[in-house]
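Structure record follows, encoded as structure tokens.
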Protein chains: 2
Amino acid sequence: MDDNNNTEIDMKSLKRKTLSEQVIDEIINLLMTGKLKPGDRLPSEQEFMKMCNVSRPVIREALASLEVMGIVNRKTRHGTFFSEQIGSRPFAMMLALSASNLSSIIEIRVALELGLVTLAAEKITDEDLERLKETIEKMKKLPTEDSSEEDKEFHKIIAHSAKNPLFEGVINPLQQFHDQMLGNIPIEDRDLKVTLEHHINIYDALVKRDPVEAYASMYHHLNYVKNKAINNLHRI
Amino acid sequence: MDDNNNTEIDMKSLKRKTLSEQVIDEIINLLMTGKLKPGDRLPSEQEFMKMCNVSRPVIREALASLEVMGIVNRKTRHGTFFSEQIGSRPFAMMLALSASNLSSIIEIRVALELGLVTLAAEKITDEDLERLKETIEKMKKLPTEDSSEEDKEFHKIIAHSAKNPLFEGVINPLQQFHDQMLGNIPIEDRDLKVTLEHHINIYDALVKRDPVEAYASMYHHLNYVKNKAINNLHRI
DNA sequence: TACATTTAAATTGTAAGACAAATAAATTAA
DNA sequence: TTAATTTATTTGTCTTACAATTTAAATGTA
């Protein structure tokens with residue numbers, strides 16, 4: 001503090017880090033430095049207390065936080081382990097903050113679906129393609145215009161075909177959030193023939209494993225769906 | 001338990017929910033139901049204790065978890081508030097679990113950048129375009145092949161032009177993680193002229209506000225970058 | 001000896017009480 | 001009226017104790 005007095009130092013922009021946040025940082029660092037890997041067992045609460053020289057509630061707050069984020073799993077008597085992969089719950093919780101800004105949710109979902117279909121074009125297996133084809137065949141036999149279940153299934157297969165758990169952890173909550181908060185597009189707004197045509201175009205592009213064509217088809221489809229979703233939104 | 005004994009009930013698939021997790025669910029529900037909005041003040045710890053009939057450490061674990069996720073902000077004497085928007089930290093922490101699977105990180109980043117450039121094509125402002133042009137002009141004057149700073153800036157402007165805080169909260173950690181864990185592509189692998197051409201193509205598409213062309217240009221660019229990043233990865 | 005049951009142990013889960021730290025609000029002094 | 005001081009409020013940390021869960025070890029029985 002005997003430094004140059006003319007230097008403006010904005011001390012207020014520093015946020016004080018609680019002890020539990022510091023413990024979290026240490027634990028995250030174990031992963032980032034490769035000292036521990038997904039699946040590995042962490043030290044027990046008692047051991048952490050000794051290592052970090054803090055009280056047990058501080059450790060518990062840190063671990064509870066990491067568990068809610070899906071980064072660790074805690075089991076009585078067994079211990080605490082790093083998760084093998086992230087799940088959907090953390091991102092689903094984060095989405096709650098945008099619950100009142102649904103158009104932004106729709107927007108990011110569209111963007112992610114477009115990125116996803118690119119990945120799928122590169123990585124999709126014959127098995128995945130077969131399953132996509134099945135949803136298309138199922139849609140051809142539908143008795144009504146309501147293809148919402150098949151539509152969801154179609155998008156889920158594409159999400160799965162990317163074989164990227166992190167991506168799935170992000171897109172699954174979006175798909176579910178979208179369904180939950182927006183409900184389904186009203187029946188009278190549906191055109192099974194158009195949706196089916198869109199799905200077939202996307203499928204064909206994926207068969208060719210052509211990312212740009214897959215993208216263009218998906219973009220076309222999602223714009224159709226997005227406009228209906230936003231119209232539905234304005235009706236609420 | 002005097003039900004039909006022939007029904008198989010897999011009780012093991014139910015995970016016991018701790019009290020703090022239940023408190024978290026209640027708080028998230030406040031957001032989901034619109035009872036409270038981003039920016040609103042939550043009840044104090046003492047009030048929660050009374051409402052939920054649990055001890056203070058349970059409340060604190062719940063609130064600490066929500067704070068790490070960026071969903072709430074806690075200030076001494078002031079209280080606890082829902083955040084206005086999500087930040088980057090939660091997703092950055094989630095990424096730590098994939099620290100040992102870098103190709104999957106690269107992959108999801110590419111997918112997200114592609115979705116993002118679509119959004120940008122729809123929403124970009126003249127101001128954003130001007131800033132993109134500035135990075136391009138700056139690149140034209142670079143003395144060496146090292147355009148990593150300008151490349152980062154280019155992608156950051158695009159991320160910002162989508163004007164979607166949630167999306168930014170996801171893509172920023174990916175951009176930073178990528179930079180931090182992968183470092184920069186070695187100088188001898190760089191071709192300023194190619195990168196510049198890619199950026200110009202993307203910029204031109206954005207000027208036209210053409211999503212498919214923006215996508216195709218970005219895909220071309222990111223494939224170039226991705227291959228170099230993966231080659232660099234194999235060298236480590 | 002093998003299997004079943006009981007007990008002990010290890011770790012997480014919860015509660016209560018006390019004090020500390022930060023800071024806004026209220027009160028007092030100039 | 002403004003500035004300084006004090007008080008009050010809320011979060012932050014710690015200690016202690018007990019509860020709950022679950023697995024391993026020990027004991028009992030056939």
Side-chain angles (χ1 to χ4, degrees), chain A residues 1 9-27 30 36 39-84 87 89, chain B residues 9-27 30 36 38-84 87 89:
Chain A
M1 285 296 148
I9 300 178
D10 182 8
M11 296 302 289
K12 284 181 190 170
S13 65
L14 291 181
K15 189 174 181 247
R16 182 185 172 280
K17 252 196 202 198
T18 61
L19 291 178
S20 66
E21 280 170 346
Q22 289 173 54
V23 171
I24 287 168
D25 287 347
E26 290 297 323
I27 293 170
L30 294 177
L36 290 180
D40 284 355
R41 188 176 182 280
L42 272 76
S44 69
E45 290 174 5
Q46 298 292 335
E47 286 162 343
F48 268 128
M49 282 165 67
K50 285 173 197 147
M51 287 192 289
C52 301
N53 198 30
V54 292
S55 70
R56 190 174 163 215
V58 169
I59 300 295
R60 289 193 54 78
E61 284 184 24
L63 292 176
S65 302
L66 289 172
E67 188 167 23
V68 162
M69 297 201 68
I71 293 172
V72 304
N73 249 306
R74 296 189 288 174
K75 291 195 186 154
T76 302
R77 199 192 183 277
H78 209 210
T80 301
F81 296 80
F82 278 123
S83 304
E84 300 276 3
R89 195 177 178 223
Chain B
I9 301 180
D10 182 8
M11 296 301 290
K12 284 179 188 171
S13 65
L14 290 181
K15 187 172 183 247
R16 181 183 172 281
K17 251 195 204 199
T18 62
L19 291 178
S20 66
E21 279 170 345
Q22 290 174 52
V23 171
I24 288 168
D25 288 346
E26 290 296 322
I27 292 170
L30 294 176
L36 289 179
D40 284 355
R41 188 177 183 279
L42 273 74
S44 69
E45 290 174 5
Q46 298 292 336
E47 286 163 341
F48 269 127
M49 282 165 67
K50 285 174 196 148
M51 287 192 289
C52 300
N53 197 29
V54 293
S55 71
R56 191 173 164 217
V58 169
I59 302 294
R60 287 194 53 78
E61 283 184 22
L63 293 175
S65 302
L66 290 172
E67 185 165 27
V68 162
M69 296 200 68
I71 293 171
V72 304
N73 249 309
R74 296 188 289 175
K75 290 193 187 156
T76 302
R77 200 191 180 283
H78 208 211
T80 301
F81 297 79
F82 279 123
S83 305
E84 299 275 2
R89 196 178 177 221

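Distance A:Asn73 CG to C:dT11 P: 17 Å, rounded to the nearest Å. To the nearest angstrom, P of C:dA15 lies 11 Å from CZ of A:Arg60.
Bracketed by its first and final contacts, the part of DNA chain D lying under 4.0 Å from non-hydrogen atoms of chain B reaches from D:dA8 to D:dT21 in 5' to 3' order.
Interface residues of residues 42-53 of chain A facing DNA chain C, ordered by number: A:Ser44, A:Glu45; criterion, heavy-atom separation under 4.0 Å.
To the nearest 0.5 Å, atom CD of residue A:Glu67 and atom CD of residue B:Glu21 are 5.5 Å apart.
Residues forming a side chain to side chain contact (heavy atoms under 4.5 Å, CB included) with B:Thr80 (at least two apart in sequence, or on another chain): B:Leu42, B:Leu63, B:Val72, B:Arg74. For B:Ser20, the side-chain hydrogen bond (donor to acceptor under 3.5 Å, both in side chains) test picks out B:Thr18, with sequence neighbours left out. With sequence neighbours excluded, the residues that form a salt bridge (charged side-chain N to carboxylate O under 4.0 Å, His left out) with B:Asp25 are A:Arg89, B:Lys17. Under the side chain to side chain contact (heavy atoms under 4.5 Å, CB included) criterion, B:Gln46 pairs with B:Ser44, B:Met49, B:Arg56, not counting sequence neighbours. In this view, A:Leu19 and A:Gln22, A:Val54, A:Val58 satisfy the side chain to side chain contact (heavy atoms under 4.5 Å, CB included) rule, not counting sequence neighbours.
Nearest heavy atoms, B:Arg41 versus B:Gly79: NH2-CA, 3.9 Å. The minimum heavy-atom distance between B:Ser65 and B:Glu61, with the atom names listed, is OG-O, 2.8 Å.
Note on B:Leu63: nothing from the nucleic acid sits closer than 4.0 angstrom, heavy atoms only.
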Once base and sugar-phosphate atoms are separated, protein heavy atoms under 4.0 Å mark nucleotides 17-25 of chain C, 5' to 3', with B, S and - as -B--BBBBS

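Listed by first then second residue, pairs satisfying ring pair (Phe, Tyr, Trp, His ring centres under 6.0 Å) with a partner in residues 52-78 of chain A read A:His78-A:Phe81, not counting sequence neighbours. Among residue pairs with one or both ends in residues 41-73 of chain B, none qualify as ring pair (Phe, Tyr, Trp, His ring centres under 6.0 Å); sequence neighbours excluded.
Regarding contacts with the backbone of C:dT14, every side-chain N or O of B:Ser55 stays at 4.0 angstrom or more from both OP1 and OP2.
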